[in-house]
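Report on the structure given below.
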Amino acid sequence: MRIATWNVNSLKARLPRVEQWLAEVSPDVLCLQETKLTDDAFPSMAFSALGYEAVHHGEGRWNGVAILSRLGISDVVDGFAPGLAPDGDARLLTASCGDVRVVTVYVPNGRAVGHEHYHYKLDWLARLRRHLDQVADPSGDVVVCGDFNVAPDDRDVWDPAACHGGTHVSAAERSALEEVVGWGLVDVLRQRHQEPQLFSWWDYRAGNFHRHLGMRIDLLYASAPLARRLSWVLIDRNARKGKLPSDHAPLVAEFSPA
DNA sequence: ATGGTCGCGCAGCGA
């Protein structure tokens with residue numbers, strides 16, 4: 001199974017590129033973040049024409065997540081599972097695609113260390129761990145992927161000194177992410193590639209993409225049984241090039257059958 | 001050059 005995650009920074013603005021990318025890469029499952037669409041405006045027919053069922057959890061101007069699948073879609077959960085404090089934002093979507101439980105996330109940015117939104121981010125990650133307990137089983141095949149807005153360690157930023165004191169790298173954010181990982185997840189990019197400076201996001205400003213000034217904040221985690229079947233994984237930085245790109249590149253992983 | 005770019009939506013905020 002080939003599964004991908006991509007923060008598209010507005011699906012309305014990015015639809016032509018997403019359609020072209022689907023045709024080129026042919027993932028079985030594609031998770032999208034920052035669709036910035038209402039559910040009514042989600043372009044289901046465009047994806048249906050390419051052979052994908054889709055489910056979307058959106059609100060409009062901000063946020064919004066989707067799962068596209070050509071392996072079927074069932075057992076959908078919008079946002080946090082019942083029993084957890086609901087999220088006012090559309091940032092989380094869970095669905096079964098074939099035999100894999102797929103959870104996609106758009107973790108809050110945090111804005112600044114200590115900001116009210118930063119505490120919301122930390123609480124959101126704590127809730128995500130409890131959500132996983134409710135919706136999935138780490139002894140089965142599970143993928144948790146998306147824009148985590150956390151760089152897991154200093155290899156994942158262009159300059160740790162320049163980033164120090166900001167969001168995405170603070171000890172509390174990394175610790176909150178580790179709690180999620182502790183549920184039973186493997187960072188499949190790091191399972192295969194250990195070198196630094198493998199980025200998935202580059203600020204639009206100041207030519208940062210071309211200067212290789214980015215962060216790895218788009219992550220794909222697999223449960224241990226699935227991670228053992230990883231064939232390959234890559235960040236498709238070609239998709240960050242050219243006309244009207246998202247500021248994020250897609251992350252793609254291929255797993256062999258069980 | 002003390003900014004730099006997007007998207008949304010029509011000012012200025014969020015990323």
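Lettering follows sequence order; numbering is per chain, from 1.
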Whole-Å [atom1] distance, [N] and [M]:
N: B:dG9; M: B:dG14; atom1: C1'; answer: 13 Å
N: B:dC6; M: B:dA11; atom1: C1'; answer: 16 Å
N: B:dA15; M: B:dG4; atom1: C1'; answer: 15 Å
N: B:dC8; M: B:dG3; atom1: P; answer: 26 Å

Residues that [X] engages under ring-ring contact (aromatic ring centres under 6.0 Å, His included), provided they are two or more places apart:
X: A:His57; value: none
X: A:Tyr106; value: none
X: A:His212; value: none

List the residues meeting salt bridge (charged side-chain N to carboxylate O under 4.0 Å, His left out) with [X], not counting sequence neighbours, and say none if there are none.
X: A:Asp78; value: none
X: A:Arg14; value: none
X: A:Arg237; value: none

Handout entry: Closest-nucleotide 5' rank along DNA chain B - winner of A:Ala13 and A:Asn109
Key = A:Ala13
Exercise for the section: Identify, between A:Leu244 and A:Asn149, the residue whose nearest nucleotide on DNA chain B lies closer to the 5' end. Expected result: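 Closer to the 5' end of DNA chain B: A:Leu244.
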Problem - salt bridge (charged side-chain N to carboxylate O under 4.0 Å, His left out) partners of residues 178-205 of chain A, not counting sequence neighbours, each pair once - result: A:Asp156-A:Arg190, A:Asp187-A:Arg216, A:Asp203-A:Arg205
Problem - Residues from residues 110-119 of chain A lying under 4.0 Å of DNA chain B - heavy atoms - result: A:Arg111
Problem - Neighbours of DNA chain B within residues 200-212 of chain A, by heavy-atom distance under 4.0 Å - result: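 Contacts with DNA chain B under 4.0 Å: A:Tyr204, A:Arg205, A:Ala206.
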Exercise for the section: Check side-chain contact (heavy atoms from CB on, under 4.5 Å) between A:Ser170 and all other residues, then give those that pass, not counting sequence neighbours. Expected result: A:Val113, A:Tyr118, A:Ala172, A:Glu173
Fill in the blank from the handout: Across all chains, not counting sequence neighbours, the side-chain contact (heavy atoms from CB on, under 4.5 Å) partners of A:Ala162 are A:Trp158, A:Asp159
Exercise for the section: Name the orientation class of the two ring planes belonging to A:His168 and A:Trp201 (parallel below 30°, tilted from 30 to 60°, perpendicular beyond 60°). Expected result: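 Parallel.
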Practice task
Take the angle between the ring planes of A:His131 and A:Phe80 and call it parallel below 30°, perpendicular above 60°, tilted in between.
Solution key: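 Perpendicular, since the angle between the ring planes exceeds 60°.
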Handout entry: 5' to 3' contact window, DNA chain B with chain A (heavy-atom distance under 4.0 Å)
Key =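 The protein-touched segment is B:dG4 to B:dA15.
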